[in-house]
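First comes the structure, then the notes that go with it.
Within every chain, numbering begins at 1; the chains are lettered A, B, ... in the order of the sequence lines, protein sequences first and strands thereafter.
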Amino acid sequence: MRFSKMFIPTLREAPADAEAISHILMLRAGYVRQLAAGLYIFLPLGLRVLGKINAVLKEEMEAIGAQEISMPILHPAEIWQQTGRWDIIGGEMFRLKDRTERDFCLGMTHEEIMTWLASREIRSYRDLPQVWYQIQTKLRDEARPKSGVLRTREFTMKDSYSFDATDEGLEKNYQLHAEAYHRIFNRCGLKFLQVESDPGMMGGGYSHEFMAPSPAGEDVVALCEGCGYSANVELALSTPVPNAAVDWSYEEVHTPDKRTVKEVSHFLKIDPSYFIKSILVMSETGPVLALVRGDQELHEKKLSKVIGAHRPAQKTEVKEILGVEAGFIGPMGHTLRIIADPCLKEGLFLTGANKQHYHIKGVKADRDFTAAWHDIHNAKAGDLCEKCRKPLRAEKVIEIGNIFKLGTKYSSALKAVFLDENGQEKPIIMGSYGIGPARIAASAIEQNNDKDGIIWPRSIAPFDLELIPLNMNDPKTVETAEQLYKDLKAAGYDVLMDDREERAGVKFKDADLIGIPTQIIVGEKTLKEGLVEIKDRKTKETARVKVEEVLEKING
RNA sequence: CGGGGCGUAGCGCAGUUUGGUAGCGCGCACGGUUCGGGACCGUGAAGUCGGAGGUUCAAAUCCUCUCGCCCCGACCA
């Protein structure tokens, strides 16, 4: 491809409303343009990158026996109503009516439609297993689109679905996908982690996420260097570092107007890790008191798993229910439901006295209060691994893929059943598996860039080589570049030749910004010695080679 | 949905406090000189100041409403 013929609108300055590095660089290097919040146009370079990624996805999916199909993105409401998600999912689903007022939605994922197809076509265990996939547009009315192409309202996803007769079959397809995902992300040049995750709305019981470490990430994972345990902090188990034992007797302490852990801690000169933080929340079945250690934070999602949907109590509710102002609450002497974090089980603590302006020192679990014990604190760096007791590390990550064991949630709802060897009717056992190509591209940029621009991993770069004739007015330069262009293309390389009538500096700057991994520089002076330069975008190392040896050098 | 910020030429911004002829840099067009890390000189085109309403002799500037975009949080197949 000739640069002069390709639409590559590079920008000298970054648009003001871009923050994430990948977002800034994709805009500056002419890969994407924004249409509206969460809606992006992929320009020629950007589309080439997606094409490369999709090619890897297809190869690896075919390699595990998945078959490509294509599903509509406009879905009749009935199917979503049958699985219940029409009502469960809120504003995130785009809904519309056709001219006869029939309800439709735009597909945010395709479990329903895939299962519908299976329900119509699969009859016997002999038809199983099946693995179907597509690379298809999804639409979600995101509450907050952000970070360029990392969180958008319209995006493509490689989604595959496995259909099995047995749990063993599902396990096999799940593992095959996990392995394929490892190959895919490795081939795309990403650093990534596989972590345990929360299945959330997908239902089913078991899932993993694939995460690319990056400061632009929205998720946080907890990692153990010791045993390799890794999980999304939404469900990561951890033990806060135990504090040294103290020898307190049960006594009331006067703490005038000291309400927060910080205030009381400062006032009494006692570390927050000796505090019990009591948080009143309102669940659907009534008020619940949640207890975490003073230096820990309550994790709403973990608590939800125990008590269901809930919200923090208002100040007036605290007063009404506990008879004391927030800030002086303690777990002693209440009859309401108490959920406590296990790190409070051992040792003596300080907590509110249920009396204005007083706290109590020397509170002991099971003696002074009773509670149901559940891990409800937010796992954080420095906590100890639940499995091996080594300190955990926390890392910000971009979710680039996920795999779910769905079980029979969708097949049961949509009556996707088969007859087994004994003529018994059974629901198909399903799994679903997603990867976001645009997130792979953005993650690759997040992980591979420098002050000059993008440094693409070879496998997903828009071109293999950028050929840069510096002076288009020098006939020898042009002649040499044209010959190299022909030869390299004939050898199977994707080559971008910067044939523009631009100064050398402009071409260098644009080449670095665009980030094609290898540059071949044809300069007037070096050419007089029969040489051109081959420059590595990442290391900036330059090798001078004879013109006739370029192909050999590139191949090597 | 809550909190914060920002909408002025294609991009980056100044001008708004204190109302009085709409500016700068980059980019773009043309001419010339340059030509290995975003050249220089000259000339020029380009803006409903996000939109609507109001106050005023006069509004980018003050008031009201509204739309959009970004960030933090909530939410998130």
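Across all strands shown, B:G47 remains unpaired; no Watson-Crick or G-U wobble contact has both distances below 3.5 Å. Partner assigned to B:C24 is B:G12, using Watson-Crick or G-U wobble distances below 3.5 angstrom.
For the pair A:Ala16 and A:Ile521, both in contact range of RNA chain B, the more 5′-proximal nearest nucleotide belongs to A:Ala16. RNA chain B is contacted by both A:Ala14 and A:Thr526; A:Ala14 maps to the nucleotide lying nearer its 5′ end (nearest heavy atom per residue).
In this structure, A:Glu533 reaches the bases: a heavy-atom distance under 4.0 Å links it to at least one base atom across the strands shown. Among the atoms of the strands shown, none is found under 4.0 Å from any heavy atom of A:Ala18. Using a 4.0 Å heavy-atom cutoff across all strands shown, A:Ala37 reaches sugar-phosphate atoms only and no base atom. If you check every strand for non-hydrogen atoms under 4.0 Å, A:Asp512 touches a base. Within the nucleic acid shown, A:Lys507 has no heavy atom closer than 4.0 Å to any nucleic acid atom. Using a 4.0 Å heavy-atom distance criterion, A:Asp452 is classed as making no nucleic acid contact. Residue A:Arg33 is classed as having no contact, given no heavy-atom separation below 4.0 Å to the nucleic acid. Contact annotation for A:Ser147: backbone-only contact, meaning every heavy-atom pair under 4.0 Å involves sugar-phosphate atoms and none involves a base.
Exactly one of A:Leu45, A:Val149, A:Leu43 qualifies for a side chain to side chain contact (heavy atoms under 4.5 Å, CB included) with A:Met26. That residue is A:Val149. Among A:Pro213, A:Ser214, A:Ser147, the one residue that satisfies the side chain to side chain contact (heavy atoms under 4.5 Å, CB included) test with A:Glu446 is A:Ser214.
Residues satisfying the side-chain hydrogen bond (donor to acceptor under 3.5 Å, both in side chains) test with A:Asn449, not counting sequence neighbours, are none.
Protein atom CG of A:Asn471 is 13 Å distant from nucleotide atom P of B:G37, rounded to whole Å. Atom P of nucleotide B:C76 and atom CZ of A:Arg85 are separated by 13 Å, given to the nearest angstrom. For the pair A:Lys535 NZ and B:G37 P, the computed distance is 10 Å after rounding to whole Å. Following rounding to the nearest Å, A:Glu19 (CD) and B:C6 (P) show an atom-to-atom distance of 15 Å.
For A:Arg144, a side-chain nitrogen or oxygen approaches OP1 or OP2 of B:C72 to under 4.0 Å. At the phosphate of B:C72, OP1 or OP2 sits under 4.0 Å from a side-chain N or O atom of A:Lys146.
For the C1' atoms, the distance linking B:G32 with B:G36 amounts to 23 Å, nearest Å.
Looking at A:Asp450 and A:Arg537, a side-chain N of the basic residue comes within less than 4.0 Å of a carboxylate O on the acidic one, giving a salt bridge. Ionic pairing of A:Glu78 and A:Arg102 is present here: one or more N-O contacts between side-chain nitrogen and carboxylate oxygen are shorter than 4.0 angstrom.
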Check: protein-nucleotides 22-30 of chain B nitrogen or oxygen pairs below 3.5 Å:
{"residue": "B:G25", "atom": "N2", "partner": "A:Glu13", "partner atom": "OE1", "Å": "3.2"}
{"residue": "B:C26", "atom": "O2'", "partner": "A:Arg12", "partner atom": "NE", "Å": "3.3"}
{"residue": "B:G27", "atom": "OP1", "partner": "A:Arg12", "partner atom": "NH2", "Å": "3.3"}

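Among B:C76, B:G38, B:C35, the nucleotide with an atom closest to any side-chain atom of A:Arg151 is B:C76.
From A:Ile520, atom CD1 reaches atom CG of A:Leu465 across 4.5 Å, with rounding to the nearest 0.5 Å.
Separation of the A:Tyr40 and A:His23 ring centroids falls under the 6.0 Å cut-off.
Classification of the A:Phe192-A:His182 ring pair by plane angle, with boundaries at 30° and 60°, yields perpendicular.
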